[in-house]
Amino acid sequence: MSATGGSALLKRDAFGTVRLLRAGEDGAVEDCVERDFSAAGRGVRWLARRLAAREARALEALRKVPQVPRLLDWDGRRLRRSWLPGRPLHRGGMDDPAWFREALRLLRRLHAAGVVHNDLAKEPNWLVDADGQPALVDFQLAVRPRRRGRLFRMLAYGDLRHLLKHKRTYCPDRLTARQRAVLARRSPLAALWARSVKPTYRFVTRRLLGWSDREGAGDRGGRV
């Protein structure tokens with residue numbers, strides 16, 4: 001979806017609404033995406049705010065990193081971030097190895113800033129912009145540990161593995177031997193997640209919230 005033709009409701013769920021606002025609408029200084037949690041369900045409103053606060057902290061830390069949204073406003077009730085034009089990875093048909101090289105560089109910039117995305121398995125969180133370059137959205141699960149110790153390294157390794165899984169999907173013949181080795185080895189944290197947390201996470205998101213695997217943040221118009 002492009003940022004033209006007025007504001008649009010992109011997504012509504014238990015966590016509130018996601019809208020695309022054009023510059024000048026409702027005080028927006030530029031085209032932006034707004035997450036509003038005032039309409040979130042009572043039982044999950046605290047979680048919606050916590051996820052938004054996490055995204056705000058991550059975007060603030062990444063303010064000098066290109067190809068990620070800029071934090072425009074966060075007042076505890078709604079979050080606004082700049083709109084990034086682009087197509088989700090699964091709609092972009094990206095089989096160009098150069099795109100994945102640039103995506104790896106972008107991921108390294110994130111980690112150099114001390115931020116781990118934590119949700120890169122979702123293809124809608126990877127964008128292909130108008131110039132064919134990678135961009136990232138949806139930092140609700142992102143973390144910025146105080147120290148870059150073992151936990152940070154395991155989480156960053158998970159980010160890398162998810163990117164390489166996408167590369168394996170779209171241009172498997174361009175995987176290097178080292179990248180294949182990374183794909184073959186999960187971190188202890190990822191293994192624990194797969195055994196104990198992932199089944200519950202899938203039940204909550206798919207059965208209770210009705211999300212799809214490719215739903216993403218809702219920036220591109222909700223489910224795809």
**OP:** Assess whether salt bridge (Lys or Arg N to Asp or Glu O under 4.0 Å) is satisfied between E60 and R57, documenting all intermediate values.
**Re:** CA-CA 5 Å; E60 176 61 26; R57 287 194 297 269; over 6 Å; no
Original post:
Side-chain contact, heavy-atom cut-off 4.5 Å: N118 with V143?
Top reply: yes
Subject >> Close side-chain approach of R80 to L21, heavy-atom, < 4.5 Å >> reply: yes
Subject >> Side chains of L62 and L71 in contact at under 4.5 Å (non-hydrogen atoms) >> reply: no
**OP:** Calculate, to the nearest 0.5 Å, the distance between atoms CD and OG1 belonging to Q179 and T176 respectively.
**Re:** 3.5 Å
Subject >> D138 with R81: basic N within carboxylate O range, under 4.0 Å >> reply: no
Original post:
Say you draw a straight line from OG1 of T169 to CG of L89; how long is it, rounded to the nearest 0.5 Å?
Top reply: 8.5 Å
Subject >> Residue pair P124 / P88: nearest heavy atoms and the distance that separates them >> reply: CA-CB, 3.9 Å
Original post:
Of all heavy-atom pairs between A113 and V65, which one has the smallest distance, and what is that distance?
Top reply: CB-CG2, 4.5 Å
Subject >> Greater than 12 external heavy atoms within 6.0 Å of R50's CZ >> reply: no
Subject >> Set of salt bridge (Lys or Arg N to Asp or Glu O under 4.0 Å) partners for R12, sequence neighbours left out >> reply: none
**OP:** Indicate whether the side chain of D119 and that of Q140 have a donor and an acceptor atom separated by less than 3.5 Å.
**Re:** no
**OP:** Could you state whether V182 and L120 fall into the same hydrophobic cluster, counting links through intermediate Ile, Leu, Val, Met, Phe, Trp or Tyr residues with side-chain heavy atoms under 4.5 angstrom apart?
**Re:** yes
Original post:
Do R161 side-chain atoms and R185 backbone N/O form a donor-acceptor pair below 3.5 Å?
Top reply: yes
Subject >> Hydrophobic cluster membership, L141 vs L47, 4.5 Å side-chain cutoff >> reply: yes
**OP:** List for me each residue that meets side-chain contact (heavy atoms from CB on, under 4.5 Å) alongside L104, sequence neighbours excluded, and say none if there are none.
**Re:** R108, L160, L163
**OP:** Just do the salt bridge (Lys or Arg N to Asp or Glu O under 4.0 Å) check on R91 and E123 with the steps written out, would you?
**Re:** CA-CA 9 Å; R91 289 182 178 174; E123 292 178 60; over 6 Å; no
Subject >> Atom CZ of R54: over 12 foreign heavy atoms under 6.0 Å >> reply: yes
Subject >> Minimum-distance pair of heavy atoms, taken over all atoms of R144 and G114 >> reply: CG-O, 3.1 Å
Subject >> Nearest non-hydrogen partners of R174 and P97, listed with the distance >> reply: NH1-CG, 3.4 Å
Subject >> Min side-chain heavy-atom separation L84-L136 under 4.5 Å >> reply: no
Original post:
Does the pair D36 and R77 meet the rule for a salt bridge (Lys or Arg N to Asp or Glu O under 4.0 Å), with working shown?
Top reply: CA-CA 6 Å; D36 190 335; R77 183 180 67 85; 3.3 Å; yes
Subject >> Joint hydrophobic cluster, W46 plus F15, side-chain heavy atoms closer than 4.5 Å >> reply: yes
**OP:** With side chain to side chain contact (heavy atoms under 4.5 Å, CB included) as the test, would you mind laying out the steps for R35 and E55 before giving the verdict?
**Re:** CA-CA 11 Å; R35 297 181 186 273; E55 180 165 25; 2.9 Å; yes
**OP:** Locate the shortest heavy-atom distance separating D95 from C171; write the atom from each residue and the value.
**Re:** O-CB, 4.0 Å
Subject >> D159 side chain to H111 side chain, donor-acceptor N/O pair below 3.5 angstrom >> reply: yes
**OP:** Kindly work out whether a path of hydrophobic side-chain contacts (I/L/V/M/F/W/Y, heavy atoms less than 4.5 Å apart) joins F139 to W74.
**Re:** yes
Original post:
Hey, are the side chains of D73 and L79 touching, using non-hydrogen atoms and a 4.5 Å cut-off?
Top reply: no
**OP:** Starting at SG of C32, measure out to CZ of R19 and round the result to the nearest 0.5 Å.
**Re:** 8.5 Å
Subject >> Spatial distance of atom CG (L107) from atom CZ (F100) [nearest 0.5 Å] >> reply: 12.5 Å
Original post:
Does R78 pair with D26 as a salt bridge, N-O distance under 4.0 Å?
Top reply: yes
Subject >> Contacts of H162 that satisfy side chain to side chain donor-acceptor pair (under 3.5 Å) - sequence neighbours left out >> reply: none
**OP:** Heavy atoms only: give me the nearest R148-A112 pair and the separation to one decimal.
**Re:** NH2-O, 2.8 Å
Original post:
Just wondering, do L183 and L175 contact through their side chains at under 4.5 Å, heavy atoms?
Top reply: yes
Original post:
At what distance, to the nearest 0.5 angstrom, does NE2 of H117 lie from CG of L110?
Top reply: 7.5 Å
**OP:** Could you check E30 against R70 for salt bridge (Lys or Arg N to Asp or Glu O under 4.0 Å), going step by step and ending with a plain yes or no?
**Re:** CA-CA 11 Å; E30 61 179 84; R70 288 177 293 101; 2.6 Å; yes
**OP:** Give the cluster check for V115 versus L72: same hydrophobic cluster or not, with ILVMFWY residues linked at side-chain heavy-atom distances below 4.5 Å.
**Re:** no
Original post:
Rounded to the nearest 0.5 Å, how far does CG of L155 lie from CG of L151?
Top reply: 4.5 Å
Original post:
Under 4.5 Å between any side-chain heavy atoms of W99 and Q133, yes or no?
Top reply: no
**OP:** Find out whether P134 and L127 are in side-chain contact, i.e. whether some heavy atom of one side chain is under 4.5 Å from a heavy atom of the other.
**Re:** no
